[in-house]
Novice: 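Can you read through this structure? Questions will come right after.
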There are 2 protein chains.
Amino acid sequence: MTQRGAGVDLDTSLGYLLKEASSALRAAMDEVLRPLGMSVTHYSCLELLAQRPGLSNSELARGAFVTRQTMNVLLQALEREGQVSRPAEASVGKVLPARLTPLGRRKLEKATAAVRAVEVRMLAGMSEAERADAFRILRSMIRSLHDD
Amino acid sequence: MTQRGAGVDLDTSLGYLLKEASSALRAAMDEVLRPLGMSVTHYSCLELLAQRPGLSNSELARGAFVTRQTMNVLLQALEREGQVSRPAEASVGKVLPARLTPLGRRKLEKATAAVRAVEVRMLAGMSEAERADAFRILRSMIRSLHDD
DNA sequence: TGCGTCATGTCAGTATCCTGACATACAGTG
DNA sequence: CACTGTATGTCAGGATACTGACATGACGCA
């Protein structure tokens, strides 16, 4: 029985716990990325481009869980700094495929190592079975939230 | 063996999945709270005060996973709108215990129902055992991330 | 061919949250 | 008592991400 009839008990709410875990992860990533002059979204963008070269602005936005407007200003900054390159005009439609430059790849290398250390720390003390459970459970939550 | 030696494979990364789940939850909450004129942090603040009356600004900030500066401007706005009340001066130290006003309680009621519906939807299709697993696993991640 | 729908890139304005900084209050220690 | 460390409330400025809006190109369909 919960504390009150209509309440969302914070101490037992999985939603609250999910937010707490996400907040802790974001803080930990911020901490290691800041010395490298990168934000979490900045890193996400570079990592996405490393694994799937040629992604468009909108696709990157969806992959980093921000709006395409937000990703656009970030991409423009990264282009200006020479970490990312995009063709001047689209070969088909309006889609501009983005790619990492050598500079972008170098910046990503250090960031990836730092971020991976954070993920390893987060998973410390969890068995292989628990990690598999976590994967399945999170996937289930995401799917359930996405259908209205 | 992972895709590349030093890579963080997005398709299998629990950190990435955690971010995706959190993003989906936040979006779903935003969607139901917006018609009520509330943000997620706004709701969190009211819910915290309902369950633990007399919480201070700093305590509310920690509970809502924002900085105390952010919570402070929110509290000032909520005070101005008459949803929350704080004493003019502290009885001890600088701590100002906050409380919900009747108006705040009414605003919270509708929001709680909406948010609970989202959480129910998120948990749809999960067994009781899976929910217990999720709780334990998320707690483990949080604990691991918090010790440097 | 023309039309409606959808996705995209981009600009502008706004909301939200953060870091930095300061003054203050309490607790522990010498 | 004075000193140090820690926690609080608050102000100011800047970073980040959002909503709203527009023009454009691709696609399906009549």
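A, B, ... follow the sequence lines: proteins, then strands. Residue 1 opens every chain.
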Novice: At 4.0 Å (heavy atoms only), tell me whether A:Thr70 reaches a base, stays on the sugar-phosphate, or touches nothing.
Specialist: base
Novice: Base of D:dG9, side chain of B:Glu89 - is there a donor-acceptor contact under 3.5 Å?
Specialist: no
Novice: Is the phosphate of C:dC17, meaning OP1 or OP2, less than 4.0 Å from a side-chain N or O of B:Arg26?
Specialist: yes
Novice: Give A:Gln76 one of three labels, base, sugar-phosphate or nothing, depending on what nucleic acid heavy atoms sit under 4.0 Å from its own.
Specialist: sugar-phosphate
Novice: Can you tell me if A:Thr67 touches the phosphate of D:dC18, counting only side-chain N or O atoms and a distance under 4.0 Å to OP1 or OP2?
Specialist: yes
Novice: Out of D:dG9, D:dA21, C:dG9, which nucleotide sits closest to the side chain of A:Gln69?
Specialist: D:dA21
Novice: May I ask you to evaluate whether A:Thr41 reaches the phosphate of D:dA17, defined as a side-chain N or O under 4.0 Å from OP1 or OP2?
Specialist: yes
Novice: Please tell me which of A:Val73 and A:Lys94 maps to the more 5' nucleotide of DNA chain D, matching each residue to the nucleotide holding its nearest heavy atom.
Specialist: A:Val73
Novice: What contact category does B:Leu74 fall into here, base, sugar-phosphate, or nothing, at under 4.0 angstrom with non-hydrogen atoms?
Specialist: nothing
Novice: Measure from the side-chain heavy atoms of B:Val92 and tell me the nearest of D:dC18, C:dC18, C:dC26.
Specialist: C:dC26
Novice: Which of these nucleotides, D:dA26, D:dG9, C:dT16, is closest to any side-chain atom of B:Ser39?
Specialist: C:dT16
Novice: Both A:Glu59 and A:Arg34 contact DNA chain C. Taking the nearest nucleotide for each, which residue is further toward the 5' end?
Specialist: A:Glu59
Novice: Consider the side chain of B:Ser58, meaning its heavy atoms from C-beta on, and name the nucleotide among C:dT19, D:dC11, D:dT8 that approaches it most closely.
Specialist: D:dT8
Novice: When you measure from the side-chain N and O atoms of A:Arg86 to the phosphate of C:dT10, is any distance below 4.0 Å, counting only OP1 and OP2?
Specialist: yes
Novice: If only side-chain N and O atoms of A:Asn72 are considered, is one of them under 4.0 Å from the OP1 or OP2 phosphate oxygen of C:dG9?
Specialist: no
Novice: Please tell me which of the listed nucleotides, D:dC18, D:dG9, D:dA21, lies nearest to the side chain of B:Arg68?
Specialist: D:dG9
Novice: Before you tell me yes or no, could you show the steps for A:Asn57 and A:Arg86 under side chain to side chain contact (heavy atoms under 4.5 Å, CB included), namely the whole-Å CA-CA distance, both residues' side-chain angles and the distance that decides it to 0.1 Å?
Specialist: CA-CA 10 Å; A:Asn57 174 42; A:Arg86 282 193 292 181; 4.0 Å; yes
Novice: Closest-nucleotide mapping onto DNA chain D: is A:Val66 or A:Gly93 further toward the 5' terminus? I mean the 5' end.
Specialist: A:Val66
